[in-house]
Structure formats: C-alpha cells, structure tokens
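For reference, the structure is listed below as structure tokens.
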There are 2 protein chains.
Amino acid sequence: MVAELSVVGKRLPRPDAFDKATGAARYAADTKMPQMLIGKVLRSPYPHARILSIDKSKAEKLPGIEAVITLEDVPNKLLNGALMDLKMPPQMAKGVVRDQYVLTDKARYVGDAVAAVAAVNETTAEKALELIEVEYEKLQAVFDPIEAMKPDAPRIHDFAERNIAQHLSYHFATGDVEGGFQEADFVVEETFHTSKQKHCQLELDASIASFDATGRLTIWSQCQAPHLARRRIAEMFDMPEGMVRLITPHIGGGFGGRSNLNTELVCVALAQKAGKPVKLEYTREEDFTVHHSRQPFVQTGKIGVKKEGTITALQTSVIANGGAYFEASGGTTGLNISSFMSLYKCPNTAGEADIVYTNIPISGGMRGFGNPQAMFVLEQLVDMACEKIGMDPVEFRLKNHRQTGDPSWFATFPVTSCALDECIKVGAERIGWKDKKGRKKEGVRRQGIGMAIMSHPSEVWPLYSGHSSAAVKMNADGSANLVVHPAEIGQGTWGVLAQIAAEELGIRAEDIHIVTGDTDVTLFDMGTYACRSTYATGNAVLRAAREAKGQLIERAAKTLGVPANKLEVRDRQIYIRTTPEKRISVAEVARDAIYNFQGECSNILGKYSFEATGVSPSFQAGFVEVEVDTETGEIKVLKILIVHDIGKAINPMSVEGQLEGAIAQGIGYSLIEDFVISKNSGVVESDNFITYKIPSPPDLPEIEVILVEEGDPLGPFGAKSVAEPGLITIAPAIANAIYDAVGVRMTELPITPEKLLKALRVK
Amino acid sequence: MVAELSVVGKRLPRPDAFDKATGAARYAADTKMPQMLIGKVLRSPYPHARILSIDKSKAEKLPGIEAVITLEDVPNKLLNGALMDLKMPPQMAKGVVRDQYVLTDKARYVGDAVAAVAAVNETTAEKALELIEVEYEKLQAVFDPIEAMKPDAPRIHDFAERNIAQHLSYHFATGDVEGGFQEADFVVEETFHTSKQKHCQLELDASIASFDATGRLTIWSQCQAPHLARRRIAEMFDMPEGMVRLITPHIGGGFGGRSNLNTELVCVALAQKAGKPVKLEYTREEDFTVHHSRQPFVQTGKIGVKKEGTITALQTSVIANGGAYFEASGGTTGLNISSFMSLYKCPNTAGEADIVYTNIPISGGMRGFGNPQAMFVLEQLVDMACEKIGMDPVEFRLKNHRQTGDPSWFATFPVTSCALDECIKVGAERIGWKDKKGRKKEGVRRQGIGMAIMSHPSEVWPLYSGHSSAAVKMNADGSANLVVHPAEIGQGTWGVLAQIAAEELGIRAEDIHIVTGDTDVTLFDMGTYACRSTYATGNAVLRAAREAKGQLIERAAKTLGVPANKLEVRDRQIYIRTTPEKRISVAEVARDAIYNFQGECSNILGKYSFEATGVSPSFQAGFVEVEVDTETGEIKVLKILIVHDIGKAINPMSVEGQLEGAIAQGIGYSLIEDFVISKNSGVVESDNFITYKIPSPPDLPEIEVILVEEGDPLGPFGAKSVAEPGLITIAPAIANAIYDAVGVRMTELPITPEKLLKALRVK
C-alpha cells in the first residue's frame, strides 16, 4: 500500500513495559498525600430490602472518623454508572436508563452501597462501618430473569413493570423474517444460556479525590473514558467541568470493567464531606460483587436456510439478566443483536430483547460486549443448519459471510475491508480441517474439531461519538511529545500510538515521549472501549503527526531552498527526493524553529481532532480441537488456532498478546468461569480467586495465532480492531468441536464436565 | 484604544494566592518519593586553594551513604550557570565565559563545591561530609577587583590574565565622546561604588532529580527559565533533550536569583551515581554564599553638559567585581552600560568595562540586573551637572530624556511609547517639589528632597531570543485551560496571563485554568527574566486566545448563519453585533465542538509562538524625601513616591505589589544591605537573616505608587515591564535627597550613618 514502513509493523518493546516490569509504575492506590483519609463502604447484606433508617451517630463519634455519608449526603440525581448516555447523541441518550444514586435508596443486591465512611486509617474505617446501624425491611428477592418477569415477582425498581428495564427491537431489521422462514428449506431454532464472567483484572478498583482551596477537584481514576468520567463527575456534583481535573495513573487491566465509574463518585462524596483528600479502594470481594460482570443472556436464535446453503432468515430473541441496575445492559444487549445480524448475508432479519432486573450484581460490559454471547448462539445454529443441509461448515461460512461492500455494522455504510475468506482458508488448511472433521469417533476419549467466525467493529460511530484528538509537540532534539488520552490498560496502546506517530514523522519509536493521563493537559478523547484506541485515537495521532511534519517540511523547504512538495522525511532526515544528499535533520529543523533569532520562532505543534466515519470491522476464523472423555465428561482443549483479519498489525507482538490473552479468557468463559450465587441469600459465593477459578498456564492448550494483513482504507496504516475479538470465536468453536467429538449440543456456558455427562446420558 | 475592558485592568485575586495562603502550595522540597535520598555538598573553607587530593573512601563506607561524588564523577564540561549562552544567538553566545565544572577543580571562594554525597537521611549525609578528606594547598586570595587586576595578584582562573574575565565595550556607542566633552560647558566626573545585595527570597534552593527505568530524567527545579534549564541539563549529561522532563513547582521568590541553575546539576550528578532519586536543598547560609548575589561595580561616570541644559557626552568605565565565576557578569555589566546610555538624548557616548575575578561569592543578576547600579551613578551625575549649570533637576530631565521615536535600548529600533513627561510632572506636583526643593536647611535634623528617573526594557530582544509560546484549550463548559511556562515566582504572572486570555476570549478570569510547570506539556518559553513575562508570554497568550476565539466564532457563525466577521464575543456570549439578541454561549459552542455528532468534532485549541520584535521600555520617575540627623548620621526616609509609565496595568494590584516590594528592596539596597566578607579569611560573615538585615515593615516609609497608563503599541493591551523598575530610582533619589538635605554626595552604597557622618566631617 505504501513504501516500506520503518516503525509500524515492528515488534518493538512497549513504553509502559519498563515501569511495569521494574515495579516503578504507580497505580491509582499508590499516591499518598498529606491528610489523606481512607474510605470504606457499608454494603447491604440482603439481595432485596427497603432501607427504613440509618443511624450514623455512633460511627460519626468514633475518633478518627472524618465523614459518614448516606443517601442524604450524595447528589439527588440518578445516574448511569456506565456513562452510556454521554457516549450517544442527545436523542439516543434519552433511551439510557438512569436508575442509581451514588449511595442507594434501596438495597437491590447483596453488596449494594448503603453508606460510606472516611477515616484516618483502614482499621478505624472498618470499625466505623460496624457502628452504622441500618434498619432493613427484607423483601422477596428474585435472581432469574424469567422468574423476574412473572406477574407475582417482587418489583425491584418502581418504574419497571415486570422488572423489564427496557425492551429493545433490532433497529436495522430488514425484510420480512416470517416470510423468510417460510421460504427456508430448513429452520433451526434453539435456546442458549450464557454465563456471568468476571474481568478478573489484576489491579483492584481505587480512586483518590482531593479538593483544593478554590474548590477545584483532582481525582485519580482508572476509568477507561477519562474525559467522559470527568464530565459525569462534574455534572453529578454541580461543578463546571473546568473545575474537575482527572488523572489517569497506570492501570492494571480493564477488559471493559473500567469503562464505568466504579469507586469515583463515593470517593468524591466522601472527600467533599470530609474536606480532605480521600482514597477509596475496593477489596477483591468487592471487585467481584460491586464491579459489574459480563451480561448473561437467555437467547433464542432461529435460522432459516435453503438446501443450496444460503440463509433466508435470522431472528433472535434475548432475555438479558441485567442484575440490579441498568448500566451498560442496553449497550451489551444491542451489540449482541447487532453482532448476530452483521456477520452473514441475509435478507430477512429481526431481533427483540428484554433487559430484566434481578437481585444479582450488575451485569454489563466485558471484552466482547455481547458479541461472544451472540456468537455462542449464532455459530452453533449455523453448524446445526449445516448438518441439516449436509454442507461443510467451512464451505457454508465461506459462501455466506459478509464481504467488502456489503452493509456493515449499524447498516449505515458498507464493510470497508474483509479478509475473512483468507482467514477461513488459511485456518482450515493449517488445522487440517479436511482430515479431522467428521472422523470416526470411538473409545472413551473422542476428539473433535470445530470452528466459528466473527466480526467486531473498530468503533461505534454513529451510535456513539467517535471523537479522539491528539497533539504532537516537537522537541529541539528531534524527538516528539505525543499528547493523547486513551486508557493504557495493558493492551499496549501507548506503544502502538507511538509507532504510528514515529512512522509518520520519520523518526524512531524511542523518539516519541507519551504525555498522557491528565485532562488538564490532554485534548478530548471519547476513551478506550469498542477496540477504538488504535483505530480512532490512532487516526488522530496519524493526522496530528502529519500536521507537525508539514510544519517541519515547510521550514526545511525554506532552508533547503526548494518547494515543500519536493521533500521527504525518513530516518530522522528531511531530504530532497531527487537529490537525497541535500538534507537537513529533523532535529536541526525543530531546534532552529525554537531558537530562530530571525523573528520566526515556533515550537512546532501538530494537533488534530479526528472523528471516525466508519467502523472498519475486523473478522476472524477460530478453529478448536478438543478431546472429550465420555466417562468423566472432562473436556481437554488440544489446540486453538485463530486467524485474524487485523488489516495491519502496528505492533505484531502486541496484537498477538491481545489475541492470546483473549483466548485464555475465552477458555475460561467456555469451560470454567461463572458466578455462583446462592439462591437463598443472593450472596455471591465465588468472590475471590479461590472460589472463582480462572485459567492459568497449565490450563491452556497449544495456541496459534495467525494474522492476515490486507489493509483497511480507513484504519491508520490500514489497522482494524483486535482488543476484543480474540475471545469471541472460542466458546462456539469449542461447542462445535464437542458436537463433532461426541454428538451433543451444549447450549449452556460454561460447558462443564457435569453438564456434558448429563447431556451424554440424555443422548 | 479599545472598547471597555472587562477583565484586564481589574484588581482580581491571583490564582496562586489560595494555595499559598492556605499552605497547600507544594514547593520544590515538598515532594517525597520512594527511595529518595538526601544530598549534601562539601564546600571549600578557603577562598583560594588548589585541591591536591580527595579521599572519599571513609565517606563511601558509611552505612546509608549511596553516592559520594567529586570532579571525576561529574561531566567533563565547563559551563556557565546563568544559562547566558542559551539565551543568545550562536555568534554572541561565543562571548559567554564558561568557567565552572559541576564540582570544582579548584577552590575559588569560601563555599566552592568540592564534593557531594547522597544519603538515606540528612544526618548521615552530614556525617559523610566530615569523613571526606580533602588536601588543600592554600593560595593567596584577593577580594577587591582593583587589587585583583594588579600584576602581582594571584591568578584565579588560568586563562584570565590580571584576573580579567572579559573586557566589554559599549556596542552601540555613538559619535565622538572626547569631542563631546570638549564641546561641553561643564564636565562632571565621579567614581561610585555599589554593593553586593542578596535576593533574600523566602524559599531556599532545592531540587529533586529522579531517573526512571528507561534512563529518562525528571527534575523538580525552581529555575526561572525552565525550558532552557532542561536543555542545559540534557547537554551537560549527554542526554537528548527529550529524555529530560523539568517540573516547576510553586516557587517562593526569585528576584533574578533563580534565572540560574543552582542545585540542579549536583543533584542530577548524585542521582545518576546513586541510581535513586535525590533531593538537594541548600541551607540559608549556603543561599548567601553559593547562590549568586547582585554585581557590585566600581563605576566612573562622566557627563558633559551645555549651559542651556543639553547633554553633549556621556561616558562610563566600569570595573565589575565578578566574584569567583563569570555566570551573568557579562549580562549585568552590559546592561549597566546600556542603561546608562539609553535614558537620555546624547550624540556622543562610549563605555568600557572590565569584569574581574575575585575570590568572593559569585556576582550576578538581581532585580534590575545592572540598571540600579548604573542609575546610582548617572542620576547623581545629572544632579551634579544641574547644580553646575543652575538648572532644576526636574526641568533638566524633562528636557533631555528620550522620547517616543528616539533610539531605544540596543539602538536597533525606536522607543515605542514614553509617558515619562507625565510621570515627572505628576510626581513633582504630588510630592510638592517646587516648595520643598532647595529649602533653607538648619538645625540638627535636616530634610531634603531628591529625584531620579529610569528606563527599563520589557524584553532583551535581539540580544536574546524573545520566543514565548502559549496554548489555549477550550473546555466543554466554556472555561479554558491556558498552557504557559513562565516562572510564577510571586510576581503574579499567572494572574496577569489569565486576565489577558480571559479578556481576549470574552470570558471571566476565573474561567481560566492555568496549566504549567511541566516541560513535557508546555510549549517553549525563554523564561522569566528581564520583566518579560507579561510582555512576551502575555503577547503569546493574547494571540493564542485570539486563535481559539477565531475557532469559536467560526463555529458560532455556522450555527447563527452569519459570516464570522459579524460576530462579537463578550460576557461569555457570542452574538451578532447588529442584533445582539441573536446569540449563543461560548460554552455551548465549545461543548458542541467536542460532542458534535455530525462529523465535525474539535477540541478547540489555539496555539501561538510569539517572538518579541521590540523591547517597549517602561519609564519611571522616583521622588524621595529624607531627613538626615547631622549628629548621628541617621537617614530617615520620610516618603517615597514613584510614578511608573506602565503602559497598561493588566492587574493594578499586582503592579502596585511589584513596585512596592521593589521599593522595599531598594531601601535595603540604598541604606542597609551589603555583604560583609572577612578580608582575612574570605568568609562571608553576613550569611543569615541575623547578620544580613533586610527592611521589615517598621523600616519602611510612607510609600505611594502612581501608575500612568498611556499604552504601548507592542505590549499586550499596551502593557510594559514593571517587575524590576521599582528598585531602580530609589538609591539615586535617596542620594540626591541627602545631598539636598546636607550637601554631601554619597558615592558608595549602602549609605550608612557611619559613611554619612564621615562625609559630613570632611565637609
């Protein structure tokens, strides 16, 4: 597509690596300041209860307690902790449900925040919690969404009849889905149950809030959308946005858990009451119960196919177990249905969903954001349909997936690039699909092979704003400061953005110094979600660097005495294209600009406000080989191969890391992880790493990742999304492999040995 | 000149005031970080000695010592600590003498830095100093510059014959000064001695240096020229500039003492050796001896006048007592002569200077930077000449001072504005000059009145670069972040710059949030010296705000459906000039720009790199009334009135504060302050606030400050310099008043009762 790249495409070490590896990195909880207090939250022990009274007096009298707050002390404003309304255009934002207060008016799950204290130390804070006297009136609780929708179910939010927070219809539905099913030769319909998975990021939630003498707030926050978080915090506390400064420290993982505000609002309320800085940090148990977790769905999917292997209709109806509050449920449910409908060519589509309140911890966004759940359904339906028409699943998918030029996600503009054919073919060849599929199965241990495909957007425009801005400031030594504010949550975005800037400027990656993490300094960025940091912030960086380069070239043109369009920049030199020995270094131009004594000084600064005008979905084919022990039900994953249509891997090491890490989470999602919630008490019994197991190296199979780089016209250097996709094909590919091995269709996640044995017995 | 101003010209509280008054302000020594060590410096007890050997071994073995450094551990590069060479164009910079190492090769004054240690705490560091064994060979020392120039004087620097560091000739000399004196009816010549005054800023010198895991250096530094300091530090330690980040904390006073690097280089050397962060803080005693102090001069001035009261010739020859190292001596001496020659119309001028090394602490820049010393000479010569021709000193000055259009400082372009006539007339009227001048004196206590005038530049272009850059970033609430990096040393520059930005943007001063103090973030600025922050950085701010405003107006024009030139901004509203009810708020435009969902997002950012192309000198008339006790010699200042040609007072409260504070320093300079250095040992005996007295409120007379605001075409909103001028007329006006009172001409500073009595006896 372009001349050989010097920096983009290279496996370079990441700028954040050194501080993280040496322990020098400072995370949210690591900052200390004079007079800083420790915050703690008192939580409801009941899944559903009215709060009749709260007596703070004993707690307030405890020496060392500087604030005790309850509902009466927090802003009288409902909010949506997932900032969903801030991402959308005003008219769409009206559809976002705001149903929470900073401290609750009513206990709706075990862990709901009832009160909070700020104390001189942790011990005193914990003592104070014990002294707060809450009078509850226990109410009947409901944990299952179908039970919750029954007429006699307890109502969790006053406004939500039958506990339905919201009903969604698929906005981009096409054709006539009933007619489509009638046209079909075969119709397959099945209902699936997906699980509640936890992000399990290494770093616990924490924030620090500090008001200065003028009333200006500084808050250290892990939120993946820093500028939006700042806006929401300002709004909630009736402050002009300019009076809030949000600092993003190093973050130890996000996976979509930090798209929301977590500790921030309680922390600010405590700091406001106490008149001193407050640090609020959650325990791991609070992380499991208070911090949202992946949306579980009860999802029915229906596919109609013709004998020759085309799809005539696709329909889905979804019941989302939203948990106690709405937060991102609208987003994950909407994206579930969009994912379901955006992968294959199909003239007749329809989808409906009910988002249902229950008395379990909040369900929301986690890596994939509804797409993994949708693919668990769709990609099994597709295999089921293939079996009916006797077509090979690889062939079927090659025949039916959307291509470049077909309507894309959100149906507003066409797919800009799609290398899925290549992904499918390469993967099938590599894994030995032809030889392994449909082998004769015998014996106790039986092997099987399965596949799945997926598509995932690189942005959410126009459903959300796609605004990311960047600035590039040249130093006198020819290095550049790159001012950006995505969230480096471990995915390697700083390194990728530095490589993009360096490539464009014609300098080395190590010549880029990242300046980030302070809303006073950085230009607006919507934040890091929907895999958008490489795509959107990367495009802003590319253009900002291009502006800076333009200023460098303009000045070099004067010095070298030629028009600017005769010049090139490469290897930190600006030279005349036709006579390259005539050159001047980038450093010399940048230095001269600053110290020019002829009246033409400039500290070269390129700035660009980018807005995505496409979503450039990435595509992927995933292949899994399993071995099932028909006596124990044990499922051993032998090999996972994914082939990802990345467009361009800015840093292949980072891309592979993202895919491999997501695969590991996908294995957990498929086979191990789920919340265990007591049906009696509503208590989350799987609230730490002993009771909630995640895969560790011995649990992982042989993993292979292949990247296909055919470029995208809109992505920076052709790059598309990768952060979430690695997780999306795993569960359906495993389920399809299990079916290939032992002939049972596993419709519930996680696929445990117990469930498998049960299914085998039924069969 | 313009429509009524809303913000500029108002007495608004300063943005830094709250943190300073509440104690929340964090100064250089207030930052703590993990593993931080404490640095201490071992200093020569001798004024002049060879260093034969240094044995570090015992010190290095002391538990808790992590680094011991001497000359062999510091960069093998000579430097000029006053960063003079970085301010000048390359060809001029060659004239800057670089004669110091980070730790010395030879002891040249009592206090010269011989070694340094970094330890886990202060006590251990101090113990370690005692364990370093230095073998000195004492050499003869010389403290007086005239003695130092004698052939048999000990040579302090090998390269400097007769200890002359540099000889300067006045670059802009005109005509034929010998011929001019021959033309004159009267010639007055006299030699004056000025003193070594200390800045006495409240905050002690301190810096903290910390290298991260990649070798990148962060340094907390009080240097008034942050970007230049960063460059010099990078150079010294062979680092690319992009690998150095300089942070400017709150600063507790500067007065020109912090134009230099002080603790920084030793601090960085210690951090490099120790491999851990190091804080180096000087004691008050070190502040007096190590940190430079005002350049003392032996200065002969000669003036030729005609009977009718015109000046035919002006000449000066100067001997600067440079102290042990050159630092800013070239600058102060050059500015002394330029000051001398730039105030009056005179066709024949010449000046020469010798900058002489002596074994006393370094002489350099302090508020006025050579101008106070020059005026002590010139303004007394003028009074002496007036007496000869029988002309009133007010009349003479009115007749002869330079006017708008006359050659200005550095003679490259004309004076842009001069309201000195107004200043002189207003002041003379207000103080009652006609009635009080030349009154009959009788009795023991005699009163007198005196005056002086001065001019001072607002920039030093083209001798130095005049580059200051600023950026203005709009927030969604209509407030703006102002990104600048002058040094707020207590003069109120943040407030002034905020008012300039707010005025231009049509918003309130409290809507401006200052973003500063980090070279990673801020654009280049030459720094704060030569009173340039309002003038140069203010002009950059004005233009950056104008750019941001232009972007706001462009967007508002679209919304309101009119061409941009029909719009005005005022009181946070953008409205159509002819139909002002058609309007949109600045906040709405800024917010819409960020969240525009139509594909036209922008985080509005105005940026401007300004380069001064003039110096817009300010002018001032100072009037003093004294009462002299002819028996005790006591001099009581009854009243000081200064009338300052400020152009435009952006914040009159700040301007008055600057003038009043400088007057207080002027009183100390005139009557009290001087270093007491033992002629035997070279030890500074006046090295703390007990032994070196500075004026306190009881010592101050009635002070009145009047501002004349006639505007300057180049200054932002017409503003000119004020930071240094308040000090410049005081000493000569006091001396002239003393002469009026008792008829003795005091030619040496400070003017003490002892010296006055002696002069009275002689008379």
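Just so it is clear, the structure is predicted and the values come from calculations on it, not from any experiment. Letters A, B, ... mirror the listed sequences (proteins, then strands); counts begin at 1.
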Side chains of B:Leu605 and A:Leu605 in contact at under 4.5 Å (non-hydrogen atoms): yes
Main-chain N/O of A:Lys32 paired with B:Lys32 side-chain donor or acceptor, under 3.5 Å: no
Minimal non-hydrogen separation, A:Lys473 against B:Leu523, with atom names: CD-CD2, 3.6 Å
Region of B:Pro15 that comes under 4.5 Å of a non-hydrogen atom in chain A: neither
Heavy-atom contact with chain B under 4.5 Å, split by part of A:Asp520: both
By side chain to side chain contact (heavy atoms under 4.5 Å, CB included) - contacts of A:Ala209 (at least two apart): A:Leu217, A:Ile219, A:Cys267, A:Val268, A:Ala271
Region of A:Lys87 that comes under 4.5 Å of a non-hydrogen atom in chain B: backbone
Proximal component of A:Ser609, with respect to chain B [non-hydrogen, under 4.5 Å]: both
Heavy-atom contact with chain B under 4.5 Å, split by part of A:Tyr464: backbone
Donor-acceptor under 3.5 Å (B:His467 side chain, A:Ile594 main chain): yes
Among the listed options B:Leu86, B:Asp511, B:Thr522, B:Asp518, the residue most often paired with chain A at heavy-atom distances under 4.5 Å: B:Thr522
Heavy atoms of other groups near B:Phe18 CZ, more than 12 under 6.0 Å: no
Top contributor to chain B contacts, counting heavy-atom pairs under 4.5 Å, from A:Met88, A:His227, A:Glu600: A:Met88
Atom of B:Asn603, atom of A:Phe524 and distance for their closest heavy-atom approach: OD1-N, 2.7 Å
Of A:Arg230, A:Glu241, A:Arg231, the residue whose pairing with B:Asn475 passes side-chain hydrogen bond (donor to acceptor under 3.5 Å, both in side chains): A:Arg230
For B:Asp477 against A:Gly242, the heavy-atom pair lying closest together: OD2-N, 2.7 Å
Pick from A:Ala480, A:Gly466, A:Ala213 with the largest number of heavy-atom pairs that fall under 4.5 Å of chain B: A:Ala213
Region of A:Ser469 in contact with chain B, defined by heavy-atom distances below 4.5 Å: side chain
Side chain to side chain, B:Pro462 and A:Gln598, heavy atoms closer than 4.5 Å: no
Distance (rounded to the nearest 0.5 Å) between B:Cys601 SG and A:Trp461 CH2: 10.0 Å
Region of A:Met474 in contact with chain B, defined by heavy-atom distances below 4.5 Å: neither
B:Glu510 versus chain A, the contacting section by heavy-atom distance below 4.5 Å: neither
Chain B contact via A:Val515 - side chain, backbone, both or neither, heavy atoms under 4.5 Å: side chain
Heavy-atom pair of closest approach, residues B:Ser465 and A:Phe597: N-CE2, 3.1 Å
Residue A:Gln35 versus chain B: region with a heavy atom under 4.5 Å: neither
Heavy-atom contact with chain B under 4.5 Å, split by part of A:Thr22: side chain
Side chain / backbone / both / neither for A:Ser468 at chain B, heavy atoms under 4.5 Å: neither
A:Arg245 portion near chain B, given a 4.5 angstrom heavy-atom threshold: neither
Other residues, nucleotides, ligands: >12 heavy atoms within 6.0 Å of A:Glu235 CD: yes
B:Lys607-A:Ser602 side chain donor-acceptor pair, cut-off 3.5 Å: yes
